[in-house]
Every structure is written in C-alpha cells, then in structure tokens.
Amino acid sequence: MDPHELLMTALRALGVYVLMLVVIRVLGKRTVGNFSAFDLLVALMLGEMVDEIIYGDVSIVQGVVAIGVVAALQYGNEWLSYWDHGFDAILEGTPSVVVRNGVFDEKGMRAERMNAKEVMAQLRVLGVDDIREVKQAMVENDGVVSVLKEDWAQAVRKADLAPERGRDAR
Amino acid sequence: MELERIAVRAMIVYVILLGLIRVSGKRTLAQATPFDFVLTLILGDLIDDALWAEVPLARFVVAVVALTVTHVLVAWASSRSEALDRLIEGESTAVMEDGDPLRAGRRRERMSEKALACEVRHAGIDHEDWPEVRAAHVECSGTVSVLRHEWARPAQKKDAARITR
C-alpha cells in the first residue's frame, strides 16, 4: 500500500472533519439536534457526501462546493421558517390534532395515517392511559406527539396546595 | 464471484468499528451534540466503499482512525479549555423567560414563535399557561429544555405535609 496515499487519506479525513464542524456550527444546534423531517434528510445528505472526498474520488474543491450548496440552502430554509410568512407551513408542514377534548380527531388521524391503536400507543409513551385526560394531542412537525392534559388531569402544582404562596409570592 | 470476500470484509469492518468505538469511549458517539451525530453518519458512510472493495481496507482503516482520533483529541482539548468548548459546541441559548419569548435568542437559533410553542407543548404546557415557564433554553445538544416556576412544578411529597398538617 502506497504510504503517500494513506497519508493523503488521513489528511483529507482531517479536512472533512473541520469542514463539517464549521457547517454544523453555522447551521445551528437545532438543525441536527431536533429534527423536523427535512433536517434529518439534510444531515443524512451531508454525512453521505463525504466518503468520496475522504477517499479522493472527488477533489476537495468539488466536495466543498457540494457541501456548501446544501448547507446554504438549509441556512436559507431556516430563515424562511423563522420569518413565519407562510413558507414554514409549506416547508415544514403544520401540526395535526389527533385527539381533541378526550375524543379522537379523525381528520388529523387521516392526515397522519394513524389509527386509534397508534394514537393510544403514543399516549402511553407519555404516560397517559385514559384518553379522557387529553385536552389536545397533536403530531408536531418534528414527528413527535405532544399531549396537553385537561385541567383536572394535570399534576397537582405546588401553587394548588398553598395558593397564598403561589403566583404572587414567586 | 467473491461473495466470501465481501462477507470477510464485512466482519473485519464490523470489528474495527466496534473496537474504535469502545476505545474512544461511550460519550464520543453518544450523539451528545449535533456534530457527534454527523460524525456517526460519516463513519457509516465510509464503510460501504470498503465493503464493496472500492477502496483497500488499509485506506478505510486510516480514514476512520484519523476521524476518531481527531474527534477524541478535540473532545479532550475542549474539556480542558472553556473557550475551545464554546467555539466547538456553542452555548445554550435562552429562548423564553417568565413566559415571554425572547426575540434575540429565537433569532440566534432561527426559531419561529410557532416552533417555540411546539417545544413548550412537548413539555405539556399550553399557550395560555406560558406564564408557568421560568425559562426555556436550546441546549448544546439541540434539544429544548423547559423549566417551570417553583409554584408551577408538580407537588412533591414534602409539599403534602402542608395539607396533612
């Protein structure tokens, strides 16, 4: 095995490491930490592009251009959804309500192609056994179900036990 | 056909990666930060070329070892230096305080108010109950932590003493 080629492989790996570190820092923590469906795809794309660079199948410059373009698009996408002018609904979708006031919401369930069993499974994951406790459950844009409980089903708060020491005394 | 060679290479690659991950420590690829996650993807991506013999095993080994060693060194250095840690991992960003969204923090994370509302819902808090929130942060891992005010936290056993008294 050609030692020069091995050394180049190691150096390219080092370069890719630094490049990806910069890209991730610029894109921000939430991009890759807290996936909406598309964020995950971007992370996969970035991760999938680098082997050709490390093994020298494409030049470093080509690699930087490809990664730069994907990162720039993602960066633009983040700002579009931040500004909240309707693009976010197109790019990221809108949450679907699957349970409302203790009753399944067929429309939202159809939108997410979820049956009653699947909804109940998601509720159980969050420790809810009785659907009547649920004021609203929805499939959020990150694909995870959020549950808001009816007032009577919420955990007793400290303020509920000692109202005089509650809100005003915080 | 060289099916048996592919099988052998798959086994070797498996053992090499297992060894590297064990040596570099649990936290390295625990996906504690977004970058850890991407690094895991990169390592996974390097494998296929070695499996299909598009690159010699020696180059695969050099590439994954170089990446892992760099990652361990960077992690070690940033555990020693706070400035380096800030540079590499960033800091947590406050995005809500006393129930009010913080614009500067949201801008920094490019987090719309809708996205923030979604994160707070994940903590089981509806829009009308936002005043219960003392602070919400985007942590370095990219997840959002939501802390309630003391009065809004679930009662603990010690609180029961107040009513049974």
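Letters go in sequence order (proteins before strands), and every chain restarts at 1. All of these numbers come straight from a predicted model, not from anything done at the bench. Atom set for the values below is all heavy atoms of this structure, side chains included, hydrogens, waters and symmetry mates excluded.
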What part of [X] lies closer than 4.5 angstrom to a heavy atom of chain B: side chain, backbone, both or neither?
X	answer
Leu46(A)	neither
Leu7(A)	neither
Val147(A)	backbone
Val18(A)	neither
Ala13(A)	both

Measuring from atom [atom1] of [X] to atom [atom2] of [Y], what distance do you get when rounded to the nearest 0.5 angstrom?
X	Y	atom1	atom2	result
Asp57(A)	Glu54(B)	CG	CD	7.5 Å
Cys118(B)	Asp142(A)	SG	CG	5.0 Å
Trp151(B)	Leu161(A)	CH2	CG	13.5 Å
Asp36(B)	Ile24(A)	CG	CD1	10.5 Å

Selection from [options] maximising heavy-atom pairs under 4.5 Å formed with chain A:
options	answer
Thr93(B), Ile42(B), Val65(B), Val74(B)	Ile42(B)
Glu139(B), Arg106(B), Arg121(B)	Arg121(B)
Arg153(B), Arg108(B), Gln156(B)	Arg153(B)
Ser92(B), Ala66(B), Ser112(B)	Ser112(B)
Ile125(B), Ile47(B), Leu41(B)	Leu41(B)

Choice from Met138(A), Glu140(A), Glu52(A), Glu78(A) maximising heavy atom contacts with chain B below 4.5 Å: Glu140(A)
Winner by heavy-atom pair count (cut-off under 4.5 Å) against chain B, out of Lys135(A), Arg12(A), Gln154(A): Lys135(A)
What are the two closest non-hydrogen atoms of [X] and [Y], and how far apart are they?
X	Y	value
Val26(A)	Arg110(B)	O-NH2, 3.2 Å
Gly124(B)	Leu148(A)	C-CD2, 3.5 Å
Gly56(A)	Arg59(B)	N-NH2, 4.2 Å
Asp45(B)	Val50(A)	OD2-N, 3.6 Å
Arg25(A)	Gly90(B)	NH2-CA, 3.4 Å

Under 3.5 Å donor-acceptor, Tyr82(A) side chain and Glu109(B) backbone: no
Short N-O contact, Arg157(A) and Glu132(B), less than 4.0 angstrom: yes
Residue Asp130(A) excluded, over 12 heavy atoms near CG under 6.0 Å: yes
Can you check whether [X] reaches [Y] side chain to side chain, under 4.5 Å on heavy atoms?
X	Y	result
Tyr55(A)	Leu46(B)	yes
Phe60(B)	Thr9(A)	no
Lys158(A)	Lys158(B)	yes

Treat each ILVMFWY residue as a node, draw an edge where side-chain heavy atoms are under 4.5 Å apart, and state whether [X] and [Y] are in one component.
X	Y	result
Val144(A)	Val128(A)	no
Val65(A)	Val70(A)	no
Val58(A)	Trp52(B)	yes
Tyr14(B)	Val8(B)	no
Met96(B)	Leu102(B)	no

Toward chain A, the part of [X] with a non-hydrogen atom under 4.5 Å:
X	value
Ile88(B)	both
Val64(B)	neither
Val55(B)	side chain
Arg134(B)	neither
Arg107(B)	both

Chi angles and distances behind the side chain to side chain contact (heavy atoms under 4.5 Å, CB included) call for Ile54(A), Leu67(B): CA-CA 10 Å; Ile54(A) 291 180; Leu67(B) 280 173; 4.0 Å; yes
